[in-house]
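Okay, structure first, notes after.
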Amino acid sequence: AVRNVMQFHDASIIVDNPPPEMIELWKKYDDEEWATYFDQLCDHFPAPPTRIVPIDQSIESRTQILPFDDITKAVDDATTLAVTKCSCRVVHGECGHPVEVCIQIDKAADYSLERGTGRKITREEAVEMLKMCSEKGLVHNVSNSKSIGKTICNCCGDCCENWPGGTKFFAPSRYMAVVDPDQCSLCEECIDRCIFNAITMEGPDGSALVNQEKCMGCGVCKTGCPDESISLSIVRDETHIPN
């Protein structure tokens with residue numbers, strides 16, 4: 001049984017062959033009513049319910065990765081894995097990004113398989129899916145707790161209905177992007193990939209510059225930088241993540 005509009009949204013949309021009329025109704029709701037409800041919902045959260053997790057390939061040394069950041073280990077440790085469609089992109093799929101990319105772990109996977117909304121996948125398939133999502137510029141996010149949780153979402157900046165909540169809904173990772181201006185070729189690829197509008201070309205000699213207040217530490221800019229001029233630095237410790 002769903003408990004709120006967000007759960008109803010996800011549960012109803014990812015069923016097999018949802019009626020086109022229902023999808024149109026969800027689009028209408030998102031356009032006309034969702035923002036008001038979402039603001040009210042966010043005001044009741046004691047802390048952001050989800051958080052950004054850095055892309056594994058963005059981190060120079062795996063010794064830096066703590067268990068609640070390590071998506072690959074969460075996948076390796078899972079008993080059951082499944083993938084469902086992204087409910088947001090089913091409704092608002094104009095961006096063209098992959099749709100079947102919401103990875104479910106253990107109980108969430110069992111639930112989706114029982115409902116028939118998920119497809120069972122192997123650990124290897126899940127890891128390849130995460131790599132593909134990072135290459136496409138999608139952002140990993142999970143529950144805001146001392147574990148990865150039961151679901152790994154891979155979100156774009158066009159369709160996800162939760163992005164308007166900003167830091168009310170998403171906590172940043174422990175990392176922040178840093179640009180080496182001497183290596184930056186001014187290609188602006190990082191600007192195109194950053195869905196948080198955290199990068200401008202206002203650094204030395206017109207190089208890329210990261211706005212520390214806006215950067216969420218996802219690592220999408222680093223994986224897409226052809227000059228390897230971007231690195232991720234730890235700027236927050238684990239105490240900013242709830243138990």
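Since this is a predicted model, take the numbers as computed values, not measurements.
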For this session: State yes or no: do L25 and F8 share one hydrophobic cluster built from I, L, V, M, F, W and Y residues joined by side-chain heavy-atom distances below 4.5 Å, directly or via other members?
Result: no
For this session: Could you tell me which non-hydrogen atom of C88 sits nearest to which non-hydrogen atom of C159, and how far apart they are?
Result: CB-O, 3.4 Å
For this session: Write out all pairs satisfying side chain to side chain donor-acceptor pair (under 3.5 Å) with one or both partners inside residues 95-108, taking only residues at least two apart or from two chains.
Result: T84-Q104, E100-R119, Q104-T151
Problem set entry | Residues which pass side chain to side chain donor-acceptor pair (under 3.5 Å) with K28, listed by chain and number, not counting sequence neighbours | E32
Exercise. Partners of E24 by salt bridge (Lys or Arg N to Asp or Glu O under 4.0 Å), sequence neighbours excluded?
Worked result: K27
For this session: Verify side chain to side chain contact (heavy atoms under 4.5 Å, CB included) between E94 and D158, making sure each step is shown before the conclusion.
Result: CA-CA 8 Å; E94 293 84 2; D158 302 302; over 6 Å; no
For this session: Please report the shortest heavy-atom distance between Q183 and S229, naming the atom on each side.
Result: CB-CB, 3.6 Å
Problem set entry | By salt bridge (Lys or Arg N to Asp or Glu O under 4.0 Å) - contacts of E21 (at least two apart) | none
Exercise. Should R51 and D69 count as an ion pair when the cut-off is N to O under 4.0 Å?
Worked result: yes
For this session: Could I get the full list of ring-ring contact (aromatic ring centres under 6.0 Å, His included) partners for H9, not counting sequence neighbours?
Result: W26
Exercise. Given the rule that I, L, V, M, F, W and Y join up when any side-chain heavy atoms are under 4.5 Å apart, are M132 and V127 in one cluster?
Worked result: yes
Exercise. Which atom pair, heavy atoms only, marks the closest approach of T117 to V15?
Worked result: CG2-CA, 4.1 Å
For this session: Tell me, with the steps shown, if V101 and K136 meet side chain to side chain contact (heavy atoms under 4.5 Å, CB included).
Result: CA-CA 12 Å; V101 292; K136 298 285 187 182; over 6 Å; no
For this session: Supply the members, apart from V235, of the Ile/Leu/Val/Met/Phe/Trp/Tyr cluster built from side-chain contacts under 4.5 Å; use none for a lone residue.
Result: M176
Problem set entry | Nearest heavy atoms of C218 and V139, plus distance in Å | CB-CG1, 3.8 Å
Problem set entry | V5 side chain reached by W34 side chain, heavy atoms, under 4.5 Å | yes
Exercise. In terms of hydrophobic clustering (I, L, V, M, F, W, Y; side-chain heavy atoms under 4.5 Å; direct or indirect links), are I55 and F170 co-clustered?
Worked result: yes
Problem set entry | Note, M216 side chain near I195 side chain (heavy atom, < 4.5 Å) | no
Exercise. Can you tell me how far CD1 of I199 sits from SG of C225, rounded to the nearest 0.5 angstrom?
Worked result: 9.0 Å
Seminar exercise, completed: Heavy-atom nearest pair, M6 first then N162, reads CE-OD1, 3.3 Å
For this session: Locate the shortest heavy-atom distance separating A171 from N144; write the atom from each residue and the value.
Result: CB-ND2, 3.8 Å
Problem set entry | CD1 on I23 to OG on S87, rounded to 0.5 Å | 9.5 Å
Exercise. So, do S143 and T50 sit near enough that their side-chain heavy atoms are less than 4.5 Å apart?
Worked result: no
Exercise. Could D43 and K168 be called an ion pair, given the rule that one side-chain N must be under 4.0 Å from one carboxylate O?
Worked result: yes
Problem set entry | Residues S185 and D227: side-chain donor-acceptor under 3.5 angstrom | yes
